[in-house]
Chemist: 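For reference, the structure I am asking about is given below.
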Amino acid sequence: MVKYDHTQIEPAWQARWLARQTPITEDGDRAGKYYCLVMFPYPSGRIHMGHVRNYTIGDVIARSHRLRGRHVLHPMGWDAFGLPAENAAIEQGVHPASWTMHNISYMKQQLQRLGISYDWKREVTTCRPDYYHWNQWFFLKMYERDLAYRKRSAVNWCPKCRTVLANEQVIDGACWRCDSPVAQKELEQWFLRITAYAEELLAGCDRLTGWPERVLTMQRNWIGKSEGAEVEFPLQDGSGAITIFTTRPDTLYGATFMSLAPEHPLIERLIQGRPEAAAVRAFAEEARRLDRTARLTGNFEKAGVFTGAHAINPLTRQPIPIWVGNFVLMEYGTGAIMAVPAHDQRDFEFAKKYHIPIRVVIQNADRSLRAETMPEAYTEEAGWMADSGSFTNLSQAAGKTTIINHLVAHALGKRTINYRLRDWGISRQRYWGTPIPIIYCDACGVVPVPEAQLPVVLPRDVPFTGKGGSPLAESAEFLNTTCPRCGGKARRETDTMDTFVDSSWYFLRYTAPRETAQPFRREAADYWMPVDQYIGGIEHAVLHLLYSRFFTKVVRDLGLTSADEPFTNLLTQGMVIKDGAKMSKSKGNVVDPNVLIEKYGADTARLFSLFAAPPEKDLEWDDQAVEGASRFLHRVWRLVTDQTGRVQTAGAPPDPERASPRVQTLQRATHQTIQRVTADLDKSFQFNTAIAALMEFYNTIAQWQASTPDGAQAPAGDADDRAALAEALRALLVLLSPFAPHLTEELWQRLGHTASIFAERWPVADPRWLKDELVTIVLQINGKLRSQLQVPPELDEREIETRALADPKLQPYIEGKTIRKRIYVPGRLLNLVV
RNA sequence: GCCGGGAUGGCGGAACUGGCAGACGCGCGAGACUCAAAAUCUCGUGGAGCCUGGCUCCGUGGGGGUUCAACUCCCCCUCCCGGCACCA
C-alpha cells in the first residue's frame, strides 16, 4: 500500500492546477453566476492562521458552487497601500514599493500552498497605477458632483501614525491601527460626502437580509438617525434668534433654559458688555481644552455658566436664560439646545445644580408627577400633555405631531432629521497611498487634474524621514507643476487618500481587472455584481463595509452599474484563538501556517480550521484536534487505496427494490450523507457538521467493509456489493473535495479517473434511498421515555399502539391505569398519558 | 443606560418546525498488535445510585410558566462577549 504523503501530493497537484490553463472563472455556466469574495489582505509579510481560516471558508464555498454547476468568480488581490510599508521604509530603509511587492509574492505563494482556487489572472493590486488611477478618477467624479470637498476643520490626529483619521477609524478615542490616543488638530482636509447617502444607507440596512444582525445594528447605530425639529428661540433683545435641534418638540413648554456649545459663534455677541463676559470666556476656553477622551466618554463634570442673556420660549413667550454648557457639542445638531429639566435627565441634574425652574409638561399615566418632588426626569415617550396651553390633555404622541405642525405653520421651526454620521475625511499626510488629483494655483485656486492627465503617479524618490508632514511635499519635482487652467505656476496636493478608498470598489474591479479605459466594464459588473457571498472579519462592520456601500451607490448614480448594494450575503468569521487569546506575536501564541502545512499538509490545515467551530464563532486552536483531522484524512486514504481494485471495474449500483439488505445499508448511508452535506453547506455554511457527516459516513463504510463476506473481498467479488462501494467512495471523495482538494484529487485519479475531480458534478441524493427501512418509535408514558419500537416506516398508528401496549417494559406503567390521551407523531414517538 | 449576540459533558461543539439531549472530533480508560515504544485498530466514556443482562433518578446559566412533551416557546433574573452612548 502506498502511504499518504502530503509532501508529494500537494505540490504536485498545485502545479498541475496552476498549469492547467482553463480559466476557472469560466467553468460551469449551467446554473447561473456566483460571485464569492473574501476580503483581500493587506500584504503585511506572511499569512497567519486567521487568513487560513478565512480563505479556506471562501474556497470551500467557491469550489462547492463550481461543482454544483455555477459560473463562479473567486478572485484575490492585495490591499497594498498603507502605513506598515512606509514605516518599514523609515525603520529599515526599504522602499515601500519593494517591501510591498516582496510581501505580495511571498503571500501569494503561501495561498497557493493552501490550495485555494483563485483566478489569479484577475489579481488586483491597489498600489499599482493601473488601479489607483481609478481612485483618482472616482475622486474627480465626486468632486464634480460636490461629493468631494475641502474644508478646514478639527480632525482626529494620530500622533504616532502622524496622520489624520476618519471618525470611523477612532475606536474609544484611540487610533484603530496603533491604539494611540487621538488628538484634535485643525487642518485643511478633503472629505467625501457620505452624509448625502445617510438615509439610503440606513434604509438599505432593512433590505440586507443576508447580513448578520449585529453588523446591521452597528451600521444603524453609526448612522445614528434621529428625527425631530429645529426651533427658533428669539433673543430677548430682538437681535436675532438661536436655532436648536430637539427630538422632543412635545416638551417645548417645559424648556426653562438654553445651552450653547462652548464653540458656538453667537456667544461672543451675547456677552458683549455684560458683567458675565469674562467668566463666560474663561469657561468656554476651559471647556474647549477638555481632554478629548474624557469628552468622548462623557466622563467629566457637567457644568455651565450663565451668559446674562435671555431668549424667548416661542410657545410660552416667557424669557429663559441662555447658558453655555460644556457638554453641548458643536458638531451635532445646531450646537445649541433647549433644556427641559422635567423630561431630560441631564437637564434635570443641571437644573438642580444651578437652581433653574422645572416644569412638568408631560404627565405619566396616573398624572402624579410634581416638579418639586420628582427624583429624576420623566423621559418616557408616553403619557399626556400638561401645562402646555392649547395642547394640554393631548396624548404625548399626538402632542408631538401637533406641536411640530404648529411650529411649521407659524414659521417658528421646521421638521428635521439629524444624523450622527459625519462626512468621510480622506486626506492622509503620508506617502504610501493614492495622490489626491488636485492642483492649487495662486491665480485659479483649487483646480482638479484633468482626467486625461491621470494617473497622478506617486513618485518613487521621496525621503522617508519619519518626521511627519506629507512626504510628497519634500519632492520638488512632484510638488511643483503648472496649472492646467492658466498654465501658471502651481503646486500639487501632497496628501494621499485614506486606503479605505482603495477597498471601497475593488470588488467591481475584479469583474474587469485589465480594463484600461475605465474602472471596470459595465456589462461585466452588471453580470457579476452584486457579490453573492462576502466573507471577512467583523472588525470592518462599520469601516470598510459602510464605505463600500457608499461607493457602490455613488458608482450607481454615476451610471456605471445597476447594483444598489455591493454584498448580498455577508459571513463574518470569528477570530482564531489560542490559550484564550487572539494569536499575536506579543503573546507568543502564534501558530505558523507554514509549519502546519509542512507537518500535516494543507488539507489537514483546511479541514481542521473548518471542523473545530462554526465559521462565525471564534476558533480555539487545539494541536491535538489538528491530529484528529489528519487522522481522518489518513483513514480515507487507506480505505480508498485498499479498495481501488474492487471499485475500479464496478458497474452501476442496483435499484432499491432489488438490492440485498447489505447493499441497501450502504446505499442509504451514501444518499443520506449527500443530503446532509448539501443541506449543511446550503443552510448557513455549517462546515463543521458537514465534516462530521462525512466522518460518520467514513465510519459506516469502514464498518460495512469490515463485514464483507470473504468471497466478496476479491476484485471479482459480488457485483452489487462492489457497485455500492464504488458509489459510496465516489460520493465520499466528491463531497470531501471542497474541504481537502489535494487528497481527493489524488484518490480520484487512483480510482482510474482521467479528468479532474473538480470537473465532476456534485452528487444528487436519490429520494428513494432517503427513507429508512426501519424507524425507531419512542414510547413515552406521561412524556417520559420508557421504551422504543423498531418498525417499518409505513406502519400505521393503530398497529404501533397495539405493539406498544404489548411491550413488556411498559407494563409496570400502564397496568391497572386508564389511558387518557395518546399523542402520536408519525415516525417519531407515541406518548401515552395515564 | 440603550441595542445586538451568547451560556449544553473534562474540552471544541451537535440537536429539523417543541418530539430519544450530548452527533462528530479531542481527551481519558480498557484491550489487540509489538521484545518494547510510537503509529494503527477494537470497545467504553454526562452525573449519581441500585446492581453487574438491565433498571431508576438527576442533568442544557438560575427561578417561574405554557404543554402529553421544552436546550427549543413565554415571563423574571444572573453572568459573558460585541457595539453605541452627555447625540439634545
Side-chain angles (χ1 to χ4, degrees), chain A residues 171-172 212-222 224-226 228 244-248 251 255 258-259 261 295-300 302 325-329 331-340 344-347 349-350 379 418-420 538-539 541-542 574 577 607-608 611-614 616-629 631-632 634-635 638 676 679-680 683 686 688-699 702-703 706 776-788 809 812 820-834:
Chain A
I171 314 291
D172 292 333
E213 199 50 48
R214 59 179 182 142
V215 175
L216 295 173
T217 305
M218 282 157 84
Q219 293 217 348
R220 288 190 186 107
N221 280 344
W222 189 261
K225 178 181 184 174
S226 49
I244 59 98
F245 172 74
T246 180
T247 54
R248 295 294 305 276
T251 63
M258 308 188 70
S259 263
R295 190 150 188 194
L296 268 165
T297 51
N299 196 9
F300 61 91
K302 277 131 236 175
N326 62 357
F327 56 89
V328 183
L329 306 172
E331 314 83 84
Y332 188 80
T334 59
I337 59 168
M338 70 171 190
V340 185
D344 179 286
Q345 187 56 28
R346 189 191 45 209
D347 295 346
E349 284 160 24
F350 197 90
T379 55
N418 246 289
Y419 298 94
R420 210 185 73 99
I538 187 79
E539 66 273 18
V542 215
I577 306 284
L607 194 71
F608 171 76
F611 179 61
E616 341 57 71
K617 288 187 68 170
D618 286 351
L619 181 151
E620 172 75 37
W621 194 263
D622 179 349
D623 289 325
Q624 286 176 317
V626 175
E627 299 266 3
R631 271 204 286 271
F632 171 66
H634 275 92
R635 284 195 275 250
R638 200 165 48 234
R676 281 175 66 186
D680 282 347
K683 221 177 346 177
Q686 296 182 42
N688 53 334
T689 51
I691 293 168
L694 289 169
M695 288 174 169
E696 281 183 72
F697 186 37
Y698 164 84
N699 291 341
Q703 251 175 31
T776 305
I777 301 288
V778 172
L779 299 180
Q780 295 182 336
I781 303 294
N782 292 344
K784 290 208 178 224
L785 171 71
R786 294 302 176 191
S787 184
Q788 300 181 351
K809 283 184 194 162
R820 290 192 301 160
K821 195 170 174 184
R822 349 169 118 66
I823 294 106
Y824 176 65
V825 182
R828 285 203 179 268
L829 65 86
L830 177 69
N831 186 13
L832 300 175
V833 184
V834 298

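Each chain gets a letter, A, B and so on, in the order its sequence line appears, and its residues count up from 1.
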Chemist: Is there, by distance only and without an angle test, a donor paired with an acceptor across the side chain of Q345(A) and the base of G1(B) below 3.5 Å?
Modeler: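 When only heavy-atom distances are counted, Q345(A) does not reach the base of G1(B) through any donor-acceptor pair under 3.5 Å.
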Chemist: Ignoring backbone atoms, test whether R631(A) places a side-chain nitrogen or oxygen under 4.0 Å from the OP1 or OP2 oxygen of A39(B).
Modeler: no
Chemist: Tell me what G224(A) touches on the nucleic acid: a base, only sugar-phosphate, or nothing, going by heavy atoms under 4.0 Å.
Modeler: nothing
Chemist: Which is it for G9(B), anti or syn, if anything within 90° of zero counts as syn?
Modeler: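 That one's syn.
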Chemist: Would you indicate whether the side-chain heavy atoms of M258(A) and I244(A) approach each other to under 4.5 Å?
Modeler: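 Counting from C-beta outward, I244(A) and M258(A) do come under 4.5 Å.
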Chemist: With a 4.0 Å cut-off on heavy atoms, is R822(A) in touch with a base, just the backbone sugar-phosphate, or nothing at all?
Modeler: nothing
Chemist: Can you tell which of C84(B), G25(B), G19(B) lies closest to the side chain of F611(A)?
Modeler: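 Of the options given, the side chain of F611(A) lies nearest G25(B).
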Chemist: How would you label the contact of R346(A) with the nucleic acid (heavy atoms, under 4.0 Å): base, sugar-phosphate, or nothing?
Modeler: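 The answer is base, as R346(A) lies within the cut-off (heavy atoms under 4.0 Å) of a base atom.
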Chemist: Starting from the 5' end of RNA chain B, give me the residue, A702(A) or R248(A), whose nearest nucleotide shows up first.
Modeler: A702(A)
Chemist: Does the ring centre of F611(A) sit less than 6.0 Å away from the ring centre of F632(A)?
Modeler: no
Chemist: Check whether Q219(A) reaches the backbone of A541(A) with its side chain - one donor and one acceptor, N or O, closer than 3.5 Å.
Modeler: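 Yes, Q219(A) side chain to A541(A) backbone: donor-acceptor pair under 3.5 Å.
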Chemist: Quick check on G12(B): is either OP1 or OP2 less than 4.0 Å from any side-chain nitrogen or oxygen of N688(A)?
Modeler: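 Answer no for this pair, as no side-chain N or O of N688(A) is under 4.0 Å from OP1 or OP2.
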Chemist: Using purine N1 to pyrimidine N3 plus N6-O4 or O6-N4 for Watson-Crick, or N1-O2 and O6-N3 for G-U wobble, both under 3.5 Å, which nucleotide pairs with G31(B)?
Modeler: C41(B)
Chemist: Look at T217(A) and G82(B) and indicate whether a side-chain polar atom (N or O) is within less than 4.0 Å of OP1 or OP2.
Modeler: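 Checking G82(B) against T217(A), no side-chain N or O comes under 4.0 Å of OP1 or OP2.
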Chemist: Using a heavy-atom cut-off of under 4.0 Å over every strand shown, decide if Q624(A) touches base, sugar-phosphate, or nothing.
Modeler: sugar-phosphate
Chemist: Classify R635(A) by what it touches in the nucleic acid, base, sugar-phosphate, or nothing, heavy-atom distance under 4.0 Å.
Modeler: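 Sugar-phosphate contact only.
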Chemist: Between D347(A) and V340(A), is there a donor-acceptor pair closer than 3.5 Å when you use the side chain of the first and the backbone of the second?
Modeler: yes
Chemist: When we call it a touch if two heavy atoms are under 4.0 Å apart, what does P212(A) touch: a base, just sugar-phosphate, or nothing?
Modeler: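 No contact.
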